[in-house]
Amino acid sequence: MNQAPPRPHDPLGWCLLLTLAYFGLTLIRLDIPTQPFFDEVHYLPAARALLELSEPLNREHPLLGKQFIALGIWLFGDNAFGWRIFSALAGSVALLAAMRAFWLASCDRFATIVFGMLLATGFHLFVHSRIAMLDIYMVAFCMIALWQFAGAIREPEKGRWRLALSGIALGLAMGSKWNALIFAAVPGITFLIIRLQSRGLFDLFSKRGAPVPGVGLPEAALWLGLVPLAVYAATFVPAFFYKVDPLTPGGLIAFQQTILDLQQSVKGAHPYQSDWFDWIINRRAIWYLYEPIDGAQRGVMLIGNPLTMLLGFPAVIWCAFTGLFKGRRDAAGVAILFAVTFGFWIVAAKPVQFYYHYFLPSCFLLAALALALSEFWKHGRKWVCWLVISGSVAMFAYYFPVLSAAPLGGADAFNNWAWFDSWI
């Protein structure tokens, strides 16, 4: 008799261990600086206004991320720890959810663990886990949505409730920041395409076949289309109770136009703005903080990990090739997610863009790198894997002082990390 194919062992324990270690790192100097820095100056007043239900502030973004900041203030006080603790939690959840989604999509134990390490040391996730901005909540809910959607396909006996959870997470991602809008369409379109491939056009509404047997197209449209929109609308409930200029039921849709207009209204040049081609080559850094504060010269620098950001783009191309010509659905999925979330910024009608807009695409770029490294591992070139993994960790350790607002040597200490003029 033929032996059953080996069944990979779920690396859940490693995922949890890595997540706990990551959360511990985010807590180091989480309350430093003690004053608001970078875009916290926009979101903290809006969060306080939500707590007081006084008036709408920072109307160019939805409310959910600011609600989490407000919750932190309510629970832990209006201080630096209260502002940022839910960012640290959201970043840790994002890391865990991303690994779980990757595992369910690939069933590759080695690549899943490597992906977690690359993501944790990739700079984007860590910096945004330690600042009261909206991006970390958007990314966390995007990863949860992917986790549940991949789980629905991998475990169809749980498909219905996993699709429902995925739809809820998509709505919460959009309610955190509009950067998730293009991403939110991916699960529903993916379901439609796979069902079309499985059953054909004339049996499209059958409940049989991939991706989730037993769930028909109308039900999938409910979970992945209507539920996200309903959840997104529900995130605006606090705005109906402002003392000044409250939202009205009839004004909810019109308010979306207000958000859009405000998003497109910033057209003046900014010293830290960048373009999509800068992001690919890791060319433009942003110093979220660089000043004497809390008794020392401190800095917080946003740039991608100098090693993995550059290696990741060729890995995305490899994933696209492997998915297209060799039928690797995990590789194809990663390439598509990168192309959609990155391509959006090439055509987006947002006049001024910044490197932090690359946060979500960079997660899929690192997923592509993890899949590519797994191929090296399987073909006996383990030294390549160890070199990249240890290099990523070493870069993270070297940059840790300017990722975590550590005391620096002096006013010109930035030269230790700003290797190029465009990183200043």
Side-chain angles (χ1 to χ4, degrees), residues 7-22 90-122 124-126 129 136 138-155 158 162 165-166 169-170 173 180 183 186-187 190 194 211 305 308-309 311-313 315-316 318-320 322-323 327-342 359-378 385 388-389 392-393:
R7 183 177 181 180
H9 182 59
D10 188 342
L12 176 60
W14 284 104
C15 294
L16 292 173
L17 185 62
L18 184 55
T19 300
L20 288 174
Y22 176 82
S92 302
V93 169
L95 177 62
L96 178 62
M99 288 188 287
R100 299 312 294 161
F102 191 99
W103 163 251
L104 289 167
S106 68
C107 282
D108 189 325
R109 177 183 172 87
F110 174 80
T112 299
I113 298 170
V114 169
F115 175 47
M117 296 179 68
L118 296 178
L119 188 57
T121 59
H124 283 269
L125 185 68
F126 188 76
S129 296
I136 194 65
M138 179 267 297
V139 168
F141 286 118
C142 285
M143 294 303 133
I144 292 171
L146 277 182
W147 176 11
Q148 298 308 317
F149 184 68
I153 296 174
R154 181 66 63 182
E155 302 170 339
K158 304 175 183 177
R162 281 190 178 271
L165 289 175
S166 182
L170 290 172
F183 169 87
V186 172
T190 300
I194 296 176
N305 185 305
T308 56
M309 283 296 107
L311 293 178
F313 192 71
V316 169
W318 172 82
C319 280
T322 303
R328 280 277 300 273
R329 289 194 171 186
D330 54 353
V334 166
I336 290 170
L337 285 166
F338 177 82
V340 168
T341 55
F342 176 63
F359 183 7
L360 184 59
S362 75
C363 296
F364 305 121
L365 177 138
L366 293 176
L369 182 56
L371 285 176
L373 289 176
S374 181
E375 286 300 300
F376 280 103
W377 186 270
K378 292 172 185 175
C385 304
V388 173
I389 295 167
S392 182
V393 173

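These numbers were taken from a predicted model, which means no experiment stands behind them.
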Which residues share a ring-ring contact (aromatic ring centres under 6.0 Å, His included) with W377, sequence neighbours left out
F110, W386
Kindly list each side-chain donor-acceptor pair under 3.5 angstrom involving residues 331-341, sequence neighbours excluded, with atom names and distances?
unit_1	atom_1	unit_2	atom_2	d
T341	OG1	L337	O	2.7
T341	OG1	F338	O	3.4

OG of S362 to CG of L369: how many Å apart, nearest 0.5 Å?
12.0 Å
N/O donor-acceptor pair under 3.5 Å between R109 side chain and H9 backbone:
yes
Nearest heavy-atom contact between G116 and L95 is O-CD1, 3.6 Å
What residue pairs, at least two apart or across chains, pass salt bridge (charged side-chain N to carboxylate O under 4.0 Å, His left out) with a residue in residues 139-153?
none
Please step through side chain to side chain contact (heavy atoms under 4.5 Å, CB included) for the pair L165 and W147, ending with a clear verdict.
CA-CA 9 Å; L165 289 175; W147 176 11; over 6 Å; no
Residues passing the side chain to side chain contact (heavy atoms under 4.5 Å, CB included) test with S92, sequence neighbours excluded, are T19, Y22, F23
Residues passing the side-chain hydrogen bond (donor to acceptor under 3.5 Å, both in side chains) test with T121, sequence neighbours excluded, are S392
Distance from L119 atom CG to L125 atom CG, nearest 0.5 Å?
5.0 Å
Considering only heavy atoms from C-beta outward, does the side chain of L366 approach that of T308 to under 4.5 Å?
yes
Can you list everything that forms a side-chain hydrogen bond (donor to acceptor under 3.5 Å, both in side chains) with T112? Sequence neighbours excluded, please.
none
So, using salt bridge (charged side-chain N to carboxylate O under 4.0 Å, His left out) as the criterion, who are the partners of K378 when residues are at least two apart?
D108, E375
Smallest separation among heavy atoms of D330 and S106, with atom names:
OD2-CB, 3.6 Å
In Å, rounded to the nearest 0.5 Å, how long is the span from CZ of R328 to CH2 of W318?
4.5 Å
For C142 and A180, work out which heavy atoms get closest and say how close.
SG-CB, 3.9 Å
Under 3.5 Å, sequence neighbours excluded: what are the donor-acceptor pairs made by side chains of residues 96-105?
unit_1	atom_1	unit_2	atom_2	d
R100	NH1	D10	OD1	2.8
R100	NH2	D10	OD1	3.3
R100	NH2	D10	OD2	2.8

Using side-chain heavy atoms (C-beta onward) and a distance below 4.5 Å, is C319 in contact with L371?
yes
Do C363 and H124 have side chains that get closer than 4.5 Å, going by heavy atoms?
no
Distance check, rounded to the nearest 0.5 Å: F359 atom CZ versus M138 atom CE?
7.0 Å
Partners of T190 by side-chain hydrogen bond (donor to acceptor under 3.5 Å, both in side chains), sequence neighbours excluded?
none
If I take atom CG from residue L365 and atom CG from residue L360, how far apart are they, to the nearest 0.5 angstrom?
11.5 Å
Between A120 and F126 the two heavy atoms that sit nearest each other are O-CB, 4.4 Å
Spacing of CG belonging to L170 relative to CD1 belonging to I144, to within rounding of 0.5 Å
10.5 Å
On a heavy-atom basis, which atom in A145 and which in A169 lie closest, and how many Å separate them?
N-CB, 3.7 Å
